[in-house]
Protein chains: 2
Amino acid sequence: MKIIIVGASGTMGKHLTNAFSKDHEIVQVSANSGDIRADITSTSSIKNMYEQAGAFDALICTAGPTYVGPWKTLTDKEFRKGIEGKMMGQINLVLIGQHYINPKGSFTLITGALTNEPQLHFANASAANGAVEGFVRAAAIELDNGIRINAVSPGVIEASPQYFPYFPGDVPVSMEHLEQGFRKSVFGAGTGQVIGVR
Amino acid sequence: MKIIIVGASGTMGKHLTNAFSKDHEIVQVSANSGDIRADITSTSSIKNMYEQAGAFDALICTAGPTYVGPWKTLTDKEFRKGIEGKMMGQINLVLIGQHYINPKGSFTLITGALTNEPQLHFANASAANGAVEGFVRAAAIELDNGIRINAVSPGVIEASPQYFPYFPGDVPVSMEHLEQGFRKSVFGAGTGQVIGVR
């Protein structure tokens, strides 16, 4: 299977690249490194990425920038970080990628527990996640040729201890559990699912 | 109670204005009519609306433009209609309105069943709804001075028969049930809730 991993240089992307490259052809995509460089906030950059990658069987996105910061000074301006990044970056990967993906292929996007379990300073991520999850359910009934789409929604992950103070009481998710969530989406048969990983 | 109704000239807004004006002071806001004219896709227009309205106890938004159309030609461009309208229009009403609302006041936004029950041609609304619902949960833990926020999420409403063909099998929601959803949010004590109305 030929799998594009967007965000391949990040914590999750590195783990998945390593885990899946034993059995599959991985195309690593990042902003500043990898097989192909792409900026998911730019539709032309996304198109260019797909043109370079050629036909593929699965796209995994682990890249999702959002604004983290205090509520009282949160305005439209800060909110745009999550809209252009985690929300439209991922949605455009699908809207454009549907024209390049092989039949029976799959898209796997990243959301997170913040959709339903908010934490202070993360309203932008809660909204972006909610948008992506609503989109995933809608896209699942629109995509044809057996193409599937799911979101993987982890809690705070063990490899990102810098976030632990923001998530009191959350038991960090192991990279093994995270990997299983992506395996379920890419190698399973489900579509339109938000795959919670804890 | 002084209640601002944004979208007052629409189907829902007219009904709520009529229902609530017996016991409350209603400020009707619409794009082209009402006590105050405002364009929710413009942050300066929203600020101007709040300056004109003065301190208030509740804001209800029933305005939420989104793109409705075929999936295969859906691009970033069409998707922006729901981002600027139903999503950021409503989110900006809260981010800006928090600085004008009275203590113990409330915000009530509009989403819809499409968040979890997608229909063909409505991916933009599913995403915008999901964003607003994630935002509502996050805002509920951030707002202080007892300020509350909820979303009302109806299925297709009986007063909009032009949408019935898009929602096969959905029993239209009566205006009385819809009104009760808004009453629950405005006059109840809940916060961070998505109030489903069927």
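Throughout, protein chains are lettered first and strands after them, A, B, ... in sequence-line order, and every chain is numbered starting at 1. Bear in mind that the values here come from a model prediction, so they are computed numbers and not experimental data.
- Contact of A/E78 with chain B is not made at all, since no heavy-atom distance falls under 4.5 Å.
- With hydrophobic clusters built from ILVMFWY side chains whose heavy atoms lie under 4.5 angstrom apart, B/V197 does not share a cluster with B/V194.
- Comparing A/N116, A/I91, A/L143 by heavy-atom pairs within less than 4.5 Å of chain B, the highest count is held by A/N116.
- By number of non-hydrogen pairs under 4.5 angstrom with chain B, the leading residue of A/P70, A/G134, A/A131, A/A138 is A/A131.
- The 12-atom threshold is exceeded at OH of A/Y100, counting heavy atoms of other residues, nucleotides or ligands nearer than 6.0 Å.
- Both A/V94 and A/I40 are assigned to one and the same hydrophobic cluster, defined by single-linkage of ILVMFWY side chains at heavy-atom distances under 4.5 Å.
- Remark: B/R137 CZ to A/L114 CG distance equals 11.0 Å, nearest 0.5 Å.
- Looking at A/N124, neither its backbone nor its side chain comes within 4.5 Å of chain B, counting heavy atoms on both sides.
- Note on A/A123, A/G130, A/A140: by heavy-atom pairs under 4.5 Å with chain B, the leading option is A/G130.
- Ranked by non-hydrogen atom pairs under 4.5 Å with chain A, the options B/V136, B/T43, B/L120, B/I96 are led by B/L120.
- In this structure, CG in A/L95 is found 5.0 Å from CG in B/L74, a value given to the nearest 0.5 Å.
- For NZ of B/K184, the number of neighbouring non-hydrogen atoms (other residues, nucleotides, ligands) closer than 6.0 Å is 12 at most.
- No continuous path of hydrophobic side-chain contacts links B/I101 to B/L16 [ILVMFWY only; heavy atoms under 4.5 Å].
- Considering only heavy-atom pairs separated by less than 4.5 Å from chain A, the leading option among B/G82, B/A127, B/S126 is B/A127.
- Of the residues considered (A/H121, A/Q119, A/Q98), A/Q98 shows the highest number of contacts with chain B, using heavy-atom pairs under 4.5 Å.
- Heavy-atom distances place no part of A/A128 under 4.5 Å from chain B, backbone and side chain included.
- Contact tally against chain A (heavy-atom pairs below 4.5 Å) for B/E117, B/M87, B/H99, B/R80: the top residue is B/R80.
- When the side chains of ILVMFWY residues are joined at heavy-atom separations under 4.5 Å, either directly or via intervening members, B/L109 and B/V173 end up in two distinct hydrophobic clusters.
- Using a 4.5 Å cut-off between heavy atoms, B/I83 contacts chain A through its side chain alone, with no backbone atom that close.
- Residue-environment remark: CG (A/N145) exceeds the threshold of 12 foreign heavy atoms within 6.0 Å.
- Cluster membership for B/I3 and B/L93, using ILVMFWY side-chain heavy atoms within less than 4.5 angstrom, is not shared.
- Side chains of A/D144 and B/K72 form a contact here, defined as non-hydrogen atoms less than 4.5 Å apart.
- Smallest separation of non-hydrogen atoms from B/E142 and A/W71: OE1-CB, 3.1 Å.
- For NZ of A/K14, the number of neighbouring non-hydrogen atoms (other residues, nucleotides, ligands) closer than 6.0 Å is 12 at most.
- Both the backbone and the side chain of B/T115 come within contact range of chain A, each with at least one heavy atom under 4.5 Å from a heavy atom of that chain.
- In this structure, the portion of A/N92 lying under 4.5 Å from any heavy atom of chain B is its side chain and not its backbone.
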